[in-house]
Amino acid sequence: MAHFAKSPVPRFSAEVYQNPYLPEGGREVHAVVTVTATGGGTTGRRPVPAGGGRPDAGVVIMVDCSGSMAHPPAKLRGAREATAAALDAVRDGVGFAVVAGTHRAVEVYPGGGRLAVADAQTRAEAGEALRALGAGGGTAIGSWLRLTERLLSSTGAGIRHAILLTDGRNEHESPQELRAALDACHTSFTCDARGVGTDWEVKEVTAIASALLGTADIVADPAGLAADFTRMMETAMGKEVADVGLRLWTPLGAETVFVKQVAPTVADLTGRRRESGPRSGDYPTGSWGDESRDYHLCVRVPAAGVGQEMLAARVSLIISGPDGDPAGQPLSQALVRAVWTDDVAASTSLHPQVAHYTGQAELAQAIQQGLDARKSGDTDGATAKLGRAVQLAGSSGNEETAKLLAKVVDVVDAATGTVRLKATVAEADEMTLETRSTKTVRVKK
């Protein structure tokens, strides 16, 4: 059997975009940090070295098999086909398992509290096991997550990822039980969450994906599941480095106001800080392949006089050690500066990157608040918020979000944000807008 060299680990680079100038006594420093990983060799199906050893990655697919998946039957049929398609995208040598989720979690394949090792035979066996999937029972997603955590923890794989599909609300456990499960799993694996049909709760699914550093989306038509599952698994197979943290060091007297991922989606990481040393904290970013992401950070520094300068923050990328050991391996770093000036024009201008992502974060918030107002019957509030969203989407070039908004409101004037609420809106269109509200675009060149 031929031996293949494992693909190289991606190289990380970090670039800071900021206006470092502050007025005399100014304290808040904003910066956007673009982190790019390249050279991981993530295209194509990467063979694993021959000769056994632990898998370099482990994946688990959680399929909702509650009673509602039988109505219509296309949902469960689509879920079976999508799971089989995703398994076809799992490269040889990767550990995998399939879990059926109802009011409890059941191992569909391979069973025995372990992962199978992907090859032609195990994929075929898993495909046969999927034929036996039936619909019945309730929904307790926390139990699905906890079983997945046990399965993925049973392997020494570095990359640990899951896909979760649901078609309904988490009605057979309390919100506290789901939250506890997410807290127990958030350092163990990443997870993409999908809702099929229109009977599930957007905030529930997006909260799962956010907690587990994955993506969330709607698949309104079950016929679209196979293509979506294949894309998700191909992306997971492209991951090369797990447990990458963004480490932020600030000088004495400074404090971190917030750290947010702002591209490709908005995700607030502020509350997920883990102390990693004197005046230093780590923020989780999950697994990486060949890709680029943007982070917006705000640091409050001690006030100073005109002509003074200081290092406001040092941003590093690190790989966490075993069990989240903060003594991680540094990958790259970038510096954030603060310079005090009496030049009013310099101190009051926003860097284009910072201004853009401030608008993108406001766009996501305006959509969510507008839809909440619409659901509660607050027509004026919904019109104002969704109008502002239309204005922001247009000015920032976020064409996809603008198209989704146009299915919920009639746009009178995009530039001023003048809109009218549509009298009737398809439930799938409203849920799609809400689910994808955090997707951003980068600064127009």
Side-chain angles (χ1 to χ4, degrees), residues 48 52-66 69 79-80 82-84 86-166 170 172-173 177-193 208 211-214 229 232-233 236-237 239 242-243 287 322-324:
V48 296
R54 73 184 191 185
D56 63 341
V59 293
V60 174
I61 301 175
M62 292 168 271
V63 182
D64 191 336
C65 291
S66 61
M69 283 292 286
R80 286 196 204 99
T83 303
L87 294 179
D88 283 342
V90 175
R91 64 174 183 267
D92 287 352
V94 168
F96 76 94
V98 179
V99 168
T102 59
H103 51 279
R104 61 193 184 100
V106 176
E107 297 174 53
V108 174
Y109 184 83
R114 61 188 176 88
L115 302 183
V117 177
D119 58 24
Q121 180 179 337
T122 55
R123 286 192 201 91
E125 291 172 354
E128 284 299 314
L130 289 172
R131 296 177 188 273
L133 285 183
T139 306
I141 294 174
S143 68
W144 314 355
L145 295 169
R146 288 185 183 276
L147 175 56
T148 295
E149 194 276 331
R150 291 195 296 273
L151 291 170
L152 289 172
S153 295
S154 72
T155 175
I159 305 293
R160 300 175 302 280
H161 188 71
I163 294 174
L164 183 152
L165 176 71
T166 185
N170 196 45
H172 289 80
E173 65 183 3
E177 287 173 307
L178 176 57
R179 184 72 253 172
L182 289 170
D183 289 343
C185 296
H186 79 275
T187 59
S188 298
F189 61 93
T190 55
C191 181
D192 293 323
I208 291 167
L212 301 179
L213 300 174
F229 269 45
M232 284 191 286
M233 191 60 77
M237 291 298 97
K239 301 298 185 182
D243 302 323
S287 303
D323 301 318

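Below, each value reflects all heavy atoms present in this structure, side chains not excepted, and no hydrogens, waters or symmetry copies. Just so you know, residue 1 is the first one in the sequence shown, and it goes up from there.
Note that the CD1 atom of Ile159 and the OG atom of Ser287 stand 4.0 Å from one another [nearest 0.5 Å]. Expressed to the nearest 0.5 Å, how far OG1 of Thr187 lies from CZ of Arg160 amounts to 8.0 Å. From Phe229, atom CZ reaches atom CG of Asp192 across 9.5 Å, with rounding to the nearest 0.5 Å. Atom CG of residue Asn170 and atom CD1 of residue Ile141 lie 4.5 Å apart, to the nearest 0.5 angstrom.
Partner Val60 forms a side chain to side chain contact (heavy atoms under 4.5 Å, CB included) with one of Val98, Leu145, Leu115 and no other, that one being Leu115.
At a threshold of 4.0 Å, the pair Lys239-Asp56 does not count as salt-bridged, since none of the basic side-chain nitrogens sits closer than that to a carboxylate oxygen. Looking at Arg146 and Glu149, no side-chain N of the basic residue comes within less than 4.0 Å of a carboxylate O on the acidic one, giving no salt bridge.
When all heavy atoms of Ala126 and Leu87 are compared, the closest pair comes out as CB-CD1, 3.6 Å. Minimum interatomic distance between Phe96 and Pro110 (heavy atoms only, all atoms of both residues): O-CD, 3.8 Å. Across every non-hydrogen atom of Ile61 and Met233, the tightest pair is CD1-CE, 4.0 Å. Looking at every heavy atom in both residues, Leu130 comes nearest to Arg80 through O-CD, 3.1 Å. For the pair Ala140 and Glu173, the tightest heavy-atom approach, listed with the atom from each and the gap, is C-OE2, 3.6 Å. Among all heavy-atom pairs drawn from Glu107 and Leu151, the shortest one is OE1-CD2, 3.8 Å.
Of the possible donor and acceptor atoms, one in the side chain of Arg123 sits under 3.5 Å from a partner among the backbone N and O of Val90. Side chain of Arg150 to main chain of Gly113: no donor-acceptor pair is present (N/O by atom type, distance under 3.5 Å, no hydrogens or angles). The main-chain N or O of Thr102 is found under 3.5 Å from a side-chain atom of Trp144 such that the two form a donor-acceptor pair. Checking side-chain atoms of Thr122 against main-chain N and O of Val117 turns up a donor-acceptor pair under 3.5 Å.
Atom CZ of Arg114 is surrounded by more than 12 heavy atoms from other residues, nucleotides or ligands within 6.0 Å.
Arg179 is linked by a salt bridge (charged side-chain N to carboxylate O under 4.0 Å, His left out) to Asp183, counting only residues two or more places apart in sequence or in another chain.
For the pair Val108 and Val63, the minimum side-chain heavy-atom distance is 4.5 Å or more. Using a 4.5 Å heavy-atom threshold, the side chains of Ile163 and Val59 count as separate.
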Requested in this report: Given side chain to side chain contact (heavy atoms under 4.5 Å, CB included), test Leu212 with Leu182 step by step and report yes or no.
Outcome: CA-CA 7 Å; Leu212 301 179; Leu182 289 170; 3.9 Å; yes

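Between the side chains of His172 and Thr139, no donor-acceptor pair of N or O atoms lies under 3.5 Å.
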